[in-house]
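Atom set for the values below is all heavy atoms of this structure, side chains included, hydrogens, waters and symmetry mates excluded.
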There are 2 protein chains.
Amino acid sequence: MGERATIGDVAARAGVGVGTVSRVLNDSRNVSEDTRERVLRVIRDLDYRPNRRARALSTGRTQSIAVIAPFATEPSVVERLRGISHELHGSDHDLTLLDVATPDQRDQQYRAVAAGDRFDGLLAISLAPTDDEAEQLARAGLSTVLLDCEHPDLPRVVIDDVRGGMLATRHLLQLGHRRIAFMGDVADRGFRFSASARRREGCELALRAYGLALEEPYVRVGPHGRAVAHRLTDELLALPEPPSAIVTASDTRALGVIEAASSAGVRVPQELSVVGFDDLDVAAYVGLTTVRQPLRTSGGIAARLLLERIGRLVGDPVEKMLELELVPRRTTAAVGV
Amino acid sequence: MGERATIGDVAARAGVGVGTVSRVLNDSRNVSEDTRERVLRVIRDLDYRPNRRARALSTGRTQSIAVIAPFATEPSVVERLRGISHELHGSDHDLTLLDVATPDQRDQQYRAVAAGDRFDGLLAISLAPTDDEAEQLARAGLSTVLLDCEHPDLPRVVIDDVRGGMLATRHLLQLGHRRIAFMGDVADRGFRFSASARRREGCELALRAYGLALEEPYVRVGPHGRAVAHRLTDELLALPEPPSAIVTASDTRALGVIEAASSAGVRVPQELSVVGFDDLDVAAYVGLTTVRQPLRTSGGIAARLLLERIGRLVGDPVEKMLELELVPRRTTAAVGV
DNA sequence: CTGAAAGCGCTTACAG
DNA sequence: CTGAAAGCGCTTACAG
């Protein structure tokens with residue numbers, strides 16, 4: 001139980017008061033060069049490191065930021081976390097991961113964070129706060145940045161999901177497709193995801209420009225995941241007039257679509273075109289046509305934004321909009337017949 | 001800045017001392033039913049939640065566990081983190097992720113954790129501590145569990161990597177392959193990874209049983225990743241007598257091998273058999289023959305083990321050995337010629 | 001069963 | 001420039 005040195009030990013050994021040691025540690029100025037050096041030497045000799053808990057209690061700052069994320073479901077989240085983690089390195093801030101697997105947990109985590117004594121800042125990925133939650137966070141004085149979700153009062157890093165849906169759909173329209181289906185998230189299972197609904201809007205807008213509508217049987221929604229997408233694809237393929245192309249709200253779903261097509265003996269892209277969303281690593285590998293968004297970068301940008309804001313209570317809720325790009329690969333082709 | 005209630009507020013309003021409130025919060029016994037109810041009512045009325053920092057300072061317990069992980073490199077780590085996170089839910093413990101991308105960071109993070117005032121426990125993934133570090137951790141009284149790495153003094157959750165290498169190699173030998181190459185990690189870049197070296201040992205043992213040896217040109221090592229594996233495969237294929245099969249130390253590498261073979265016009269499995277390791281989701285999708293290890297489960301088991309040990313200073317260093325299984329799919333076949 | 005007090009290891013006015 | 005002291009919000013012997 002290594003008996004760690006405390007600030008008192010350092011002070012005693014250096015022949016000064018603890019206040020002076022603290023000043024050397026923080027203030028910098030208002031300490032004579034002599035004293036500073038003596039204290040620093042003792043600190044080194046004793047291998048003294050300030051206790052963060054004590055400091056936190058005293059200053060009200062924790063040096064720790066929370067990330068709320070639907071971790072278990074989306075590989076894209078992992079990319080974002082990488083960007084965040086990278087940016088936090090060397091910033092002297094911990095990253096505490098608050099994993100969310102159910103709507104209940106989502107609510108719980110928001111409440112726990114807003115309780116307000118554990119973190120300096122919050123980064124929420126994909127899980128938009130309610131008005132109520134946003135207010136709680138503000139009241140707790142907790143700097144917050146949203147990533148891949150929105151709230152009018154909070155700074156955020158986002159993409160134009162509507163445009164993303166349009167990009168995917170337009171690509172298919174230009175290839176001659178007319179029977180285009182959309183596969184995405186259920187409206188709202190309590191997570192308050194919004195990206196999928198927006199992408200669907202974009203899909204509808206693009207179709208409308210061609211005088212087409214997104215008919216009900218061509219819209220399939222369900223929880224995220226390859227297996228679900230597989231099942232939904234089976235449904236689409238069983239339709240009297242199956243679609244010739246499917247726009248999906250994520251690469252993971254697109255993989256499920258391809259899998260289902262393959263089991264059903266439907267050739268991609270000859271008989272069915274598929275567009276994903278995200279451009280995960282696996283997309284390049286599989287040759288998936290997709291809408292690329294800068295996942296890792298988005299995490300870095302959000303983290304930097306948060307670090308800038310921590311402490312300062314300024315806060316016009318800026319919005320950083322990241323670029324999208326359609327990446328055509330081998331899962332889309334001109335319409336067959 | 002919502003003026004959160006403190007234990008003092010509760011005590012005042014309930015007409016008792018703070019010690020009593022604290023007892024209601026913790027002890028349970030030694031408080032009259034009357035008092036307890038009164039205090040609990042006030043706690044509810046004031047929406048009081050104890051300040052964890054203060055509690056931590058006072059008890060020396062942080063309710064927070066650290067996970068050191070080579071996060072940025074391995075998708076398999078993500079699976080493990082899921083298992084850990086799942087197990088921690090409802091345990092009232094935070095998970096702080098200490099990401100490691102370089103050997104320097106590895107050393108830094110170990111040192112920071114061993115400083116000893118921020119965490120109740122440590123879970124180290126794939127990054128074996130040195131004797132020195134293990135001792136520091138013990139001195140700091142920090143409960144530690146290792147996952148996918150070993151130290152004689154610490155409890156650990158592992159697989160038999162040697163056996164894993166044997167399983168993969170034997171499968172190929174039984175298919176008639178004799179020119180078998182191994183592709184894995186460089187000996188040690190400072191991370192202290194050991195899995196790859198063990199798997200290679202297993203590969204050699206299996207070969208020896210057939211009177212074969214693992215010749216130098218058939219051993220290719222490099223940092224983890226698809227791109228590197230691609231390059232190493234190019235080297236192998238350029239050999240005067242290229243291998244007919246490659247055992248890789250991870251699915252990610254196996255994907256790089258397949259990619260390289262495809263670019264080089266070498267058909268898999270007809271001209272080249274490939275075995276991965278891990279059985280990531282993508283393996284099933286791609287049809288990769290691989291050695292399956294229970295990644296997510298391993299995280300859960302390690303987390304549970306850690307939670308059991310936190311606080312209790314007992315500690316015979318148990319070892320939990322998880323099962324391996326060869327999963328034959330479409331990237332291995334009987335030797336061609 | 002319960003209150004008053006000391007203590008956890010820091011920071012930060014307040015004097016000087 | 002520097003020391004002594006109060007305070008951050010808890011827990012936990014110590015009395016009673």
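- The backbone N or O of B:A56 lies less than 3.5 Å from no partner atom in the side chain of B:T62, so there is not a single donor-acceptor pair.
- A:L147 is not listed as a side-chain neighbour of A:R156, based on a closest heavy-atom distance of 4.5 Å or more.
- No side-chain heavy atom of B:K320 sits under 4.5 Å from any side-chain heavy atom of B:V158.
- Residue A:S32 places at least one side-chain N or O closer than 4.0 Å to OP1 or OP2 of D:dT2.
- Looking only at atom types and distance, the side chain of B:H86 has no donor-acceptor partner in the side chain of A:D99 under 3.5 Å away.
- A donor-acceptor pair is defined here as one N or O able to donate and one able to accept, closer than 3.5 Å; no such pair exists between the side chain of A:R80 and the backbone of A:G299.
- A:D94 and A:S64 form no side-chain donor-acceptor contact under 3.5 Å, judged by distance and modelled atom types alone.
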How would you summarise protein contacts on nucleotides 9-16 of chain C per nucleotide, using B for base, S for sugar-phosphate only and - for none, with heavy-atom distances below 4.0 Å?
BBBBB---
After noting the C-alpha distance and the side-chain angles of B:R49 and B:D47, does the key distance pass the salt bridge (Lys or Arg N to Asp or Glu O under 4.0 Å) rule?
CA-CA 7 Å; B:R49 268 161 291 190; B:D47 190 27; 2.8 Å; yes
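- Partners of B:Q109 by side chain to side chain contact (heavy atoms under 4.5 Å, CB included), not counting sequence neighbours, listed by chain and number: A:H89, B:I68, B:L98, B:V100.
- Distance, B:E33 CD to C:dC1 C1': 12 Å, rounded to whole Å.
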What pattern of brackets, bars and dots sums up DNA chain C from 5' to 3', given Watson-Crick or G-U wobble pairs under 3.5 Å, [ ] for crossing pairs and | for another strand?
|||.||||||||.|||
